Enquirer: 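Following this message is one structure expressed as structure tokens.
Hydrogens, waters and symmetry mates are skipped; everything else that's a heavy atom, side chains included, is used. We name chains A, B, ... by the order of the sequence lines, and we start the count at 1 in each one. Everything quoted here is computed from the prediction, not taken from an experiment.
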There are 2 protein chains.
Amino acid sequence: MLREKVDQAIEILKEKNIDMWLTFLRESEASYDPCLNLILGTNITWQSAFIITRNEGTIAIVGSLDYERVRLTGLYDDIRKYVGSFREEFMKVLYRINPNKIAINTSINDYMSDGLTHGMYELLMEYTAGTEFQKRFISSEEIISALRGRKTKTEIERIKSAIQVTENIYAEVSDFMQPGKREIDVANFILERVRDLGLETAWEEISCPAVFTGPDTAGAHADPTERVIQKGHVLNIDFGVKKDEYCSDIQRTWYFLRDDEASAPDAVMRGFNTIIESVQLAKEAIRPGKLGWEIDKIARDYIVSKGYPEYPHALGHQVGRSTHDGAGLLGPTWERYGNVPYLPIEVGQVYTIEPRLPIDGYGVATVEEMIVVTEEGCEWLSHPQKEIFLI
Amino acid sequence: MLREKVDQAIEILKEKNIDMWLTFLRESEASYDPCLNLILGTNITWQSAFIITRNEGTIAIVGSLDYERVRLTGLYDDIRKYVGSFREEFMKVLYRINPNKIAINTSINDYMSDGLTHGMYELLMEYTAGTEFQKRFISSEEIISALRGRKTKTEIERIKSAIQVTENIYAEVSDFMQPGKREIDVANFILERVRDLGLETAWEEISCPAVFTGPDTAGAHADPTERVIQKGHVLNIDFGVKKDEYCSDIQRTWYFLRDDEASAPDAVMRGFNTIIESVQLAKEAIRPGKLGWEIDKIARDYIVSKGYPEYPHALGHQVGRSTHDGAGLLGPTWERYGNVPYLPIEVGQVYTIEPRLPIDGYGVATVEEMIVVTEEGCEWLSHPQKEIFLI
């Protein structure tokens, strides 16, 4: 699988006419470069360079004690080990390859392409001081974004498999939930199922699953509380698993019927259906070449046109080895998102679609579906929720 | 515990006459700032600032969806949430405090103080462009190094407790090992004990424990293999646990007697005893104010004087929440270590002492002990290995 991604990286370098992609880091257990699980899959201690070139294979420069473990990955053709000084081996490689451009992992916009720390950046500038190479550094943003975004068939299969598990667990928790149980009981039920399956949650357990019941709940990133489910509550869950290193990320919404109710009240139906309709509109608009913000705007405007406040986040993000897989975002053009809502949608990308809106007096309605971009548009990866679940 | 560390940080700011320490980050699950587990203890998604000031308390600026979870930590007096733009709230805080210096998490030398990515650094420069504040940025290196290094009583107790568990497991594995077992069997035995205790290993399981048996083993960071223990092997293990968030890191060495042996051969005894003597010499030299390289040199020179090659790493590193806890290092003045071997030893720091040497034809001899620095010198935290264990 890593071999596939490294080969794909070489193809991307060719496509983008970049001679060298350099990942420079140290002590990866303390300070991880998020691209490392695409091009190495293990940790290193000393200053290390992982170099993928367009025409001259792959090269690693690592401390002598890290040598054996890097060798065992089988991903680097030429592994150079050092004891005292990284600089010497590194400069030799630069002079030999003499790359037209050197892509480094720094990005203002995409945190997944921003693994280089500022201290390491300064060190790199010190090593290359007075050379021509300093003019050739560029951001690896477009390499990493393509590499993470364009999923191989194997990757799509793994994501589908993670989604399947998630949907199964949602079916089970639907049987488990009832008024009187607390958010934390629901979360624990789900976590136990994940552990039984020998899997892990897609993001940290403290908020995966996130469970929110009733009005005035805290917001999407707070953790499940002692709050008790009551009749008349809208409840939503945000949850995913990581299976074979790939993630799912799905939200579902329930309503707990009052004694005299056979269906959800009109206000709840109207809120929930607005969410479903906005998801459908967004899904129909997705196609390669569209920009992320254009898709976000469709769902956002629709929800606002129905009299609800706009959701305080992006409509959708990419999913892969991480639930927030970085780069191209179906998000609004807010300052904090930088340029990522302006990136074009590409074939093979996997996105969530996850609008939200508050239903006064009841709770929050959300669904989160997952899609994969195709030549013509996009396809569901999840089985979309069409009606609010009633309990 | 985090409250203790945040209060300690305020004291350190007073001592060093720095008005503000700023930790600026985003998507901490993808790209973690290693100081976050000292000053927050949870994750955030959007651009966030965690600000500890000398005189005006603690301030957090976070995305609206991260607000609740930051509030629940109880560590920040003033939490400002935003939706669209981080910049506005951030600049308001800067203008109100008007700090003399702004320490940021960037460091060429200390990876534990180098959590700021280069992309985020550039963003910070963009936000503060054209203001006086740009001249006031300094590295938080000395703050973080003091904060991580100077252990509180609670922290020392936790480290001792992690050491106790490790020593117990070493006693058990000593009963388990015998010729015919493989390195990987020994590693699995230890991992099972760690899981039985509901703990985790101090560093990633793939090389914790590290187990090396016999001559021509791979080196300190390679993972346990199928290599079979044989009579006449020197075997060493590097292992630690994380308990209540604090780590141990200890190495021990065994010798497997041949059928006709009642004790280890002279060559093995001589190598092992050289290690023990060098540890003792280093330990006796440690005291506040000494520089790390001075201690390293004592052990290194001693080993070389006995005719062995010098070890290809530092004599010792600090231990705390991480096994490689950063900053002040008992290490040689090699380029790759930057300035950290030149930092003075301080009271309350916890170091390992871990020389190594190869014994031709037998294997590698190592011990790794842990000490805490006191006013007068230092004290053992581990129960030092004095004699090679015979099986």
Side-chain angles (χ1 to χ4, degrees), chain A residues 26-27 29-34 42-47 63-69 72 82-87 104 106-123 126 139 203-204 206-207 218-223 312-313 322-324 326 332 334-336 338, chain B residues 26-27 29-34 42-47 63-69 72 82-87 104 106-123 126 139 203-204 206-207 218-223 312-313 322-324 326 332 334-336 338:
Chain A
R26 63 184 165 195
E27 290 284 348
E29 282 202 71
S31 182
Y32 196 77
D33 184 316
T42 185
N43 281 302
I44 54 79
T45 308
W46 297 357
Q47 287 174 33
S64 58
L65 296 183
D66 292 324
Y67 173 83
E68 186 59 16
R69 95 174 353 186
L72 289 172
Y82 73 91
V83 174
S85 161
F86 169 86
R87 181 203 304 250
I104 56 176
T106 182
S107 169
I108 288 188
N109 298 296
D110 179 22
Y111 54 87
M112 279 297 188
S113 308
D114 192 30
L116 183 68
T117 66
H118 182 59
M120 291 297 273
Y121 174 85
E122 290 198 310
L123 207 50
E126 194 180 304
S139 166
W203 59 97
E204 53 170 4
I206 194 167
S207 61
H221 290 270
D223 317 327
H313 51 68
S322 299
T323 35
H324 288 186
W334 296 340
E335 181 184 58
R336 75 175 186 83
Chain B
R26 63 185 164 194
E27 290 283 349
E29 282 201 73
S31 181
Y32 196 78
D33 184 317
T42 185
N43 280 302
I44 53 80
T45 308
W46 297 357
Q47 285 174 34
S64 58
L65 295 184
D66 291 324
Y67 174 82
E68 185 59 16
R69 91 172 0 184
L72 288 172
Y82 72 91
V83 174
S85 161
F86 170 86
R87 181 203 303 250
I104 55 177
T106 183
S107 169
I108 288 188
N109 299 295
D110 179 23
Y111 54 89
M112 280 297 189
S113 307
D114 192 30
L116 183 68
T117 65
H118 183 59
M120 291 298 274
Y121 175 85
E122 289 198 310
L123 208 50
E126 195 179 303
S139 165
W203 59 97
E204 54 171 3
I206 194 168
S207 61
H221 291 271
D223 316 328
H313 51 66
S322 300
T323 35
H324 287 186
W334 296 341
E335 180 184 58
R336 76 175 186 83

Enquirer: Taking atom types as modelled, is there a side-chain donor on A:E27 or B:H324 under 3.5 Å from an acceptor on the other?
Expert: yes
Enquirer: Mind checking the CG-CZ spacing from A:D110 to B:R26? Nearest 0.5 Å is all I need.
Expert: 7.5 Å
Enquirer: Of all of A:P34, A:G84, A:S31, which one pairs up most often with chain B through heavy atoms under 4.5 Å apart?
Expert: A:G84
Enquirer: Looking only at atom types and distance, does a side-chain atom of B:D114 sit under 3.5 Å from a main-chain N or O of A:G119, one as donor and one as acceptor?
Expert: yes
Enquirer: Please identify, among B:L116, B:L123, B:T323, the residue contributing the most non-hydrogen atom pairs under 4.5 Å to chain A.
Expert: B:L116
Enquirer: With a 4.5 angstrom heavy-atom cut-off, could you sort out which part of A:Y82 is near chain B: side chain, backbone, both or neither?
Expert: side chain
Enquirer: Look at the side chain of A:R336 and the backbone N and O of B:V83, then say whether any donor-acceptor pair between them is shorter than 3.5 Å.
Expert: yes
Enquirer: Given a strict heavy-atom distance threshold of 4.5 Å, which part of A:D33 is in contact with chain B: side chain, backbone, both, or neither?
Expert: neither
Enquirer: Between A:E204 (side chain) and B:E29 (backbone), is there a donor-acceptor pair under 3.5 Å?
Expert: no
Enquirer: Looking at A:P332, A:P312, A:S322, which makes the most heavy-atom pairs under 4.5 Å with chain B?
Expert: A:P312
Enquirer: Measure the CD-CZ distance between B:E335 and A:F86 for me, rounded to the nearest 0.5 Å.
Expert: 10.0 Å
Enquirer: Does the side chain of A:R69 reach to within under 4.5 Å of the side chain of B:I206, using non-hydrogen atoms?
Expert: yes
Enquirer: Determine, stepwise, if the pair A:E126 / B:I108 fulfils side chain to side chain contact (heavy atoms under 4.5 Å, CB included).
Expert: CA-CA 10 Å; A:E126 194 180 304; B:I108 288 188; 3.9 Å; yes
Enquirer: What part of B:M120 gets closer than 4.5 Å to chain A, counting heavy atoms only: side chain, backbone, both or neither?
Expert: both
